[in-house]
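All remarks here apply to the structure that follows.
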Amino acid sequence: MSRAVAIEAEGLGKRYELGRRRGASGGSLREALTEGAREALRAFRGTLSPKRDRRGPSAIWALKDVDLTVQRGEVLGIIGHNGAGKSTLLKILSRITTPTAGRARIHGRVGSLLEVGTGFHRELTGRENIYLNGAILGMTRSEIAAKFDEIVDFAGVEEFVDTPIKRYSSGMGLRLGFAVAAHIEPEVLLVDEVLAVGDLEFQRKCLGQMQRVTREGGRTILFVSHNLYAIQSISDRVAWFHQGRLHRLGDPGKVIAAYRRAADDDDGTHREAEDLDSAEVQIDSVLVNGVATRYLHLDHRQDLRLELSFTVRKSVDISLGASLHGPGGVYLSGLSTMLEGRTYQLEPGHHRAGVVFPGLALAAGAFTVNLTIMSGTGNHFYARRVPAITIASEILPTFDGLLEVQHDWIEPRLEASTRPPR
Amino acid sequence: MTEPELFRVTVVRPRRGLLDIGLGPLVEYRHLVAFFAWRDISVRYKQTFLGVLWALLQPVATMVIFTIVFSKAAKIDSQGVPYPLFSYAALIPWTFFATSLDKASNSLVGNANLIQKVYFPRMISPISSVVSGLFDFAITFLVLVLLMLYYGTPLTWRIVFLLPLTALAFVTALAVGLWLSALNVRFRDVRYTIPFLTQIWLLATPVAYPSTLLDERWRVAYALNPMVGVVEGFRWSLLGLEPAPSASLAVSAVVAVIALLSGALFFARLERSFADLI
């Protein structure tokens, strides 16, 4: 049996009128009246050409022609620049606003989390706000009551549960908001950039909770974030929105890599193109621990064996290169045989070469490894895979930072005692 | 072959039926009414020093002023009932109506942040404003009981009619609240017209004076104002003032129901653009 569908959107679009009738203060009656009078006058004078589109350039499509199908139990990450239509999509799917075109069918109860602590009231206590916020997010009184202790525990506000939240620190307020949100269990959950706030530790806790919920409950999550690391760690697929349109949809590693390159190009900084082959060298596949894949779920201190299977068409002198990148594209380490003083003379034929990282220990998140086959002098690329592999790493509690450097501790030992004699 | 639907399906589309007021979602989200009403009441009592007394202050002060102006100075006939009782019995539903109307009309704008961030049937907002008004309404009866004890006015079986009369006041306040709250989202001018509107409306309702002051011919037209039926009904059921206002109540009820339905339709038409306009 095929997996059930959670969301089907066809040709979804949203047009906003600019200028009048929009903005924080709403319109005023006077504007509407004068506008109406002006138009009547124009019509009377006959200067209003019959087919002129009065919307003209004063309207923009915040979202246009979006076709999207999301399976039940899937986590769809949504990325894109500000104003790309990400939030508009979530607002339409959550029925906060209506589409101008197209339609969407959503199977199951929809919960949306576009802001942490929506509807919190400063004068009310933590307890009262949990009930109010829970109700606003679609929970019934009994559902909230059943999860109340869990929520308080998650937020870590036990002692302040009967204190008005105006006395809370901003961190506590946020944690309480997250805690309620993390415990709503609709079939479809829409989450907008809410992890941008809150400390790193708490963000991880929330990501963990979201993953648990989808895995155990078969729930569907649409998750907007600028935090590519978070997106890559929890998404099954990623949708990249650009100027209101669904630009690219697919494997998280690939879409995010493409998005990064585009973002870098926009910045004006030069980055290498994705994959490259040449007349001399053609990479046939990437083997990860002997398997042809470009994605790996890495456990604690697993050996990582990366190999390129490639075809050499005429004799070349090569060196091998590998670089490791952390969450957000942080450049962690660059290695090359050339720097280590080794180059290889290869004859035409099929070859294999690669690199092994023994006992690789990475922090939680998305890492990538790029593999290159360069000329022996290192100044020319024959072929490369960028990234050769995307690694999703589980949280490791035994170190801080992005990766664990190979090390041995020097245990304390007594050199000379300064203890006074009895 | 199609699989049976395991979950309820929500369809999001640009338009919906002209006569669809979204009753389904309203029923589904009904629990929010209680939450919003509770929030309004509890926040107000936490923030104010006098708390419950505020609910009493307005009708009692108005009753005192009316007594001085209309009874002592203008010598208005209160149909054989002590004037304080005569006016207070009318001020109970009137205060409920006027404050609920005001709160309902400003409710969407007051919940602007929620409306931009969460879905719920927007009608919940004005409905819960009127519901929260019932709390103050109940409190105002305390003073009535004291007045009735003081003047020795007996309670009769007619008191059961307070329930449908309150429902009529509720429907009227909600009907106007639906119209004005939706308009208020688009035109913020509306909020400034509300005090003016309630002032005129008070004069057009027999709160300070008996409707017998009006010529018989105008009675039916007068009852087009649903609060006329409500106020006369309150006096009839609490103070035993004859005759029973059956004719005006019938007219009032019809007007109120029409106003509610049209208000709901109007609201539903505008509802879908609230998040974009607010």
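Letters go in sequence order (proteins before strands), and every chain restarts at 1. This one's a predicted model, so the numbers in the text were calculated from it and none came from an experiment.
The shortest heavy-atom contact between Ala135(A) and His31(B) is O-NE2, 3.9 Å. Among all heavy-atom pairs drawn from Val12(B) and Ile106(A), the shortest one is CG2-CD1, 3.9 Å.
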Pair Phe120(B)-Ile136(A), side-chain contact (heavy atoms from CB on, under 4.5 Å): steps then yes or no: CA-CA 8 Å; Phe120(B) 57 91; Ile136(A) 287 169; 5.6 Å; no
Any chance you could lay out the side-chain contact (heavy atoms from CB on, under 4.5 Å) test for Arg95(A) and Thr10(B), step after step, and finish with the verdict? CA-CA 9 Å; Arg95(A) 288 189 282 170; Thr10(B) 308; 3.6 Å; yes
Give the C-alpha distance, both sets of side-chain angles, the deciding distance and a yes or no for side-chain contact (heavy atoms from CB on, under 4.5 Å) between Gln116(B) and Ile96(A). CA-CA 7 Å; Gln116(B) 285 172 315; Ile96(A) 292 168; 5.5 Å; no
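Between chain B and the options Val188(A), Leu137(A), Leu190(A), Thr97(A), heavy-atom pairs under 4.5 Å are most frequent for Thr97(A).
One finds no salt bridge joining Lys117(B) and Asp192(A) here, because no Lys/Arg side-chain nitrogen approaches an Asp/Glu carboxylate oxygen to under 4.0 Å. Using a 4.0 Å cut-off between charged side-chain N and carboxylate O, Lys46(B) and Glu128(A) make a salt bridge.
Applying a 4.5 Å heavy-atom cutoff, the residues of residues 106-114 of chain B that approach chain A are Asn113(B), Leu114(B). Close approach to chain A, defined as a heavy atom under 4.5 Å from one of its heavy atoms, is seen in Phe35(B), Phe36(B), Trp38(B), Arg39(B), Ser42(B), Val43(B) of residues 34-45 of chain B, taken by number.
Proximity to chain A (any heavy atom under 4.5 Å) is restricted, for Ile115(B), to the backbone atoms N, CA, C and O. Only the side chain of Tyr29(B) comes within less than 4.5 Å of a heavy atom of chain A; its backbone N, CA, C and O stay farther away. Interface residue Ser112(A): only side-chain heavy atoms are found under 4.5 Å from chain B. In this structure, chain B has heavy atoms under 4.5 Å from both the backbone and the side chain of Ala104(A). For a residue to count as touching a neighbouring chain, one of its non-hydrogen atoms must lie under 4.5 Å from one of that chain's; by this rule Thr125(A) touches chain B with backbone and side chain alike.
Taken from CZ in Arg13(B) to CD in Glu10(A), the straight-line distance is 13.0 Å, to the nearest 0.5 Å. Once rounded to the nearest 0.5 Å, the distance linking OG1 of Thr88(A) with CG of Asp276(B) reads 9.0 Å.
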